[in-house]
Amino acid sequence: MSPILLVLTNLPDQASAERLAATLIGNGLAACVNILAPCRSVYRWQGQVESATEIPLLIKTRPERYGELETAIRNQHPYELPEIIALPVSSGLPAYLEWVYQETEGPWPVC
(Lines give C-alpha, C1' and ligand atoms only; values in the text may rest on other atoms or scores of the structure.)
Protein backbone atom coordinates (compact mmCIF):
# COMPACT_ATOMS: atom_id res chain seq x y z
CA MET A 1 0.00 0.00 0.00
CA SER A 2 1.26 3.48 -0.85
CA PRO A 3 1.24 6.19 1.82
CA ILE A 4 -1.54 8.74 1.92
CA LEU A 5 -1.50 12.53 2.05
CA LEU A 6 -3.29 14.99 4.28
CA VAL A 7 -3.96 18.10 2.19
CA LEU A 8 -4.87 21.41 3.82
CA THR A 9 -6.69 24.34 2.28
CA ASN A 10 -8.93 27.18 3.48
CA LEU A 11 -12.08 28.58 1.89
CA PRO A 12 -13.72 31.95 2.54
CA ASP A 13 -17.16 30.57 3.46
CA GLN A 14 -19.15 27.45 4.30
CA ALA A 15 -20.87 27.18 0.91
CA SER A 16 -17.63 27.17 -1.09
CA ALA A 17 -16.09 24.68 1.36
CA GLU A 18 -19.03 22.31 0.95
CA ARG A 19 -18.98 22.63 -2.85
CA LEU A 20 -15.26 21.85 -3.01
CA ALA A 21 -15.61 18.90 -0.62
CA ALA A 22 -18.46 17.45 -2.70
CA THR A 23 -16.44 17.84 -5.91
CA LEU A 24 -13.37 16.14 -4.47
CA ILE A 25 -15.36 13.23 -3.03
CA GLY A 26 -17.60 12.92 -6.09
CA ASN A 27 -14.61 12.68 -8.40
CA GLY A 28 -12.74 10.18 -6.23
CA LEU A 29 -9.92 12.62 -5.56
CA ALA A 30 -10.40 12.38 -1.80
CA ALA A 31 -11.70 9.67 0.50
CA CYS A 32 -12.72 12.13 3.20
CA VAL A 33 -12.85 15.89 3.60
CA ASN A 34 -13.25 17.37 7.06
CA ILE A 35 -14.83 20.82 6.99
CA LEU A 36 -13.71 22.49 10.20
CA ALA A 37 -15.16 25.35 12.19
CA PRO A 38 -14.36 28.86 10.98
CA CYS A 39 -11.03 30.25 12.10
CA ARG A 40 -9.32 33.61 11.90
CA SER A 41 -6.31 33.79 9.58
CA VAL A 42 -3.76 36.61 9.73
CA TYR A 43 -1.31 36.88 6.85
CA ARG A 44 0.65 39.27 4.69
CA TRP A 45 -0.73 39.71 1.17
CA GLN A 46 0.70 42.14 -1.38
CA GLY A 47 2.56 44.06 1.31
CA GLN A 48 -0.41 44.47 3.64
CA VAL A 49 -1.28 42.61 6.82
CA GLU A 50 -4.70 41.04 6.27
CA SER A 51 -7.12 39.18 8.49
CA ALA A 52 -10.00 36.98 7.35
CA THR A 53 -12.40 34.35 8.63
CA GLU A 54 -11.80 31.10 6.75
CA ILE A 55 -13.11 27.53 6.71
CA PRO A 56 -10.25 24.99 6.93
CA LEU A 57 -10.48 21.71 5.04
CA LEU A 58 -8.55 18.53 5.86
CA ILE A 59 -8.45 16.33 2.75
CA LYS A 60 -7.28 12.70 2.69
CA THR A 61 -5.98 11.29 -0.60
CA ARG A 62 -3.24 9.17 -2.12
CA PRO A 63 -0.09 10.71 -3.59
CA GLU A 64 -0.95 9.49 -7.10
CA ARG A 65 -4.11 11.63 -7.09
CA TYR A 66 -2.45 14.79 -5.74
CA GLY A 67 -1.94 16.47 -9.14
CA GLU A 68 -5.60 16.05 -10.08
CA LEU A 69 -6.69 17.13 -6.60
CA GLU A 70 -4.56 20.27 -6.74
CA THR A 71 -5.99 21.12 -10.17
CA ALA A 72 -9.55 20.63 -8.90
CA ILE A 73 -8.90 22.87 -5.89
CA ARG A 74 -7.32 25.58 -8.05
CA ASN A 75 -10.16 25.43 -10.60
CA GLN A 76 -12.85 25.84 -7.95
CA HIS A 77 -11.06 28.01 -5.37
CA PRO A 78 -12.05 31.70 -5.29
CA TYR A 79 -8.64 32.93 -4.08
CA GLU A 80 -5.97 34.15 -6.48
CA LEU A 81 -3.37 32.17 -4.50
CA PRO A 82 -5.02 29.42 -2.46
CA GLU A 83 -3.19 27.69 0.36
CA ILE A 84 -2.67 24.08 -0.70
CA ILE A 85 -0.31 22.13 1.53
CA ALA A 86 0.20 18.36 1.36
CA LEU A 87 1.63 16.47 4.32
CA PRO A 88 2.61 12.79 4.14
CA VAL A 89 0.89 10.56 6.68
CA SER A 90 3.67 8.47 8.20
CA SER A 91 1.43 6.16 10.21
CA GLY A 92 -2.17 5.55 11.17
CA LEU A 93 -4.75 2.86 11.69
CA PRO A 94 -3.93 0.42 8.86
CA ALA A 95 -7.59 -0.29 8.05
CA TYR A 96 -8.32 3.44 7.76
CA LEU A 97 -5.29 4.09 5.57
CA GLU A 98 -6.33 1.19 3.32
CA TRP A 99 -9.85 2.63 3.10
CA VAL A 100 -8.45 6.01 1.99
CA TYR A 101 -6.33 4.26 -0.59
CA GLN A 102 -9.26 2.22 -1.96
CA GLU A 103 -11.64 5.20 -2.07
CA THR A 104 -9.21 7.22 -4.17
CA GLU A 105 -8.32 4.45 -6.64
CA GLY A 106 -10.44 6.08 -9.37
CA PRO A 107 -10.72 7.32 -11.91
CA TRP A 108 -14.32 8.00 -10.98
CA PRO A 109 -16.92 9.64 -13.21
CA VAL A 110 -16.56 13.42 -13.11
CA CYS A 111 -19.37 15.03 -11.10
Side-chain angles (χ1 to χ4, degrees):
M1 178 180 71
S2 295
I4 65 168
L5 296 176
L6 174 63
V7 180
L8 312 172
T9 193
N10 292 300
L11 280 291
D13 56 67
Q14 190 73 28
S16 60
E18 290 179 14
R19 277 192 305 275
L20 179 58
T23 296
L24 298 177
I25 296 296
N27 290 324
L29 298 175
C32 177
V33 178
N34 300 112
I35 301 172
L36 303 182
C39 70
R40 198 78 182 145
S41 296
V42 179
Y43 52 93
R44 185 176 302 280
W45 178 246
Q46 298 179 342
Q48 301 290 325
V49 175
E50 302 284 341
S51 178
T53 299
E54 296 182 303
I55 310 294
L57 299 185
L58 305 179
I59 305 160
K60 277 71 82 179
T61 192
R62 63 165 65 191
E64 300 88 341
R65 301 307 302 268
Y66 177 79
E68 295 169 87
L69 183 133
E70 181 184 289
T71 298
I73 293 172
R74 290 180 60 115
N75 286 342
Q76 197 167 332
H77 208 290
Y79 292 170
E80 179 183 341
L81 180 62
E83 172 185 9
I84 305 173
I85 298 173
L87 305 169
V89 175
S90 61
S91 63
L93 180 67
Y96 181 81
L97 301 179
E98 181 62 30
W99 172 79
V100 170
Y101 198 77
Q102 290 174 0
E103 288 299 313
T104 54
E105 253 178 327
W108 297 84
V110 174
C111 293

Note to self: Quiz question: by atom type and distance under 3.5 Å, do the side chains of Tyr101 and Glu105 form a donor-acceptor pair?
What the structure shows: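 No, no side-chain donor-acceptor pair sits under 3.5 Å.
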In residues 4-20, what donor-acceptor pairs under 3.5 Å come from side-chain atoms, sequence neighbours left out?
unit_1, atom_1, unit_2, atom_2, d
Thr9, OG1, Glu83, O, 2.6
Asn10, ND2, Glu83, OE1, 2.5
Asp13, OD1, Ala15, N, 3.2
Asp13, OD1, Ser16, N, 2.7
Asp13, OD1, Ser16, OG, 3.0
Gln14, NE2, Glu18, OE2, 3.0
Ser16, OG, Asp13, O, 3.1

Check: Is there side-chain contact between Trp99 and Lys60, with heavy atoms separated by less than 4.5 Å?
Finding: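 No; the side chains remain at least 4.5 Å from each other.
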Note to self: Do Val89 and Ile85 land in one hydrophobic cluster if side-chain heavy atoms of ILVMFWY residues count as linked below 4.5 Å?
What the structure shows: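 Val89 and Ile85: one cluster.
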Check: Do Ile84 and Leu81 share a hydrophobic cluster (ILVMFWY, side-chain heavy atoms under 4.5 Å, transitive)?
Finding: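 No.
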What's the separation between atom [atom1] in [X] and atom [atom2] in [Y], rounded to the nearest 0.5 Å?
{"X": "Leu29", "Y": "Arg62", "atom1": "CG", "atom2": "CZ", "result": "11.5 Å"}
{"X": "Glu68", "Y": "Thr61", "atom1": "CD", "atom2": "OG1", "result": "8.5 Å"}
{"X": "Glu98", "Y": "Gln102", "atom1": "CD", "atom2": "CD", "result": "4.5 Å"}

Heavy atoms only: give me the nearest [X]-[Y] pair and the separation to one decimal.
{"X": "Thr104", "Y": "Ala31", "value": "CG2-N, 3.4 Å"}
{"X": "Arg65", "Y": "Gly28", "value": "NH1-O, 3.2 Å"}
{"X": "Ile25", "Y": "Ala30", "value": "CD1-O, 3.2 Å"}

Counting only pairs under 3.5 Å, give me each side-chain donor-acceptor contact of residues 46-59, with atom names and distances, residues two or more places apart or in other chains.
unit_1, atom_1, unit_2, atom_2, d
Ser51, OG, Arg40, NE, 3.0
Ser51, OG, Arg40, NH2, 3.2
Thr53, OG1, Arg40, NH1, 2.7
Glu54, OE1, Ser41, OG, 2.5
Glu54, OE2, Tyr79, OH, 2.8

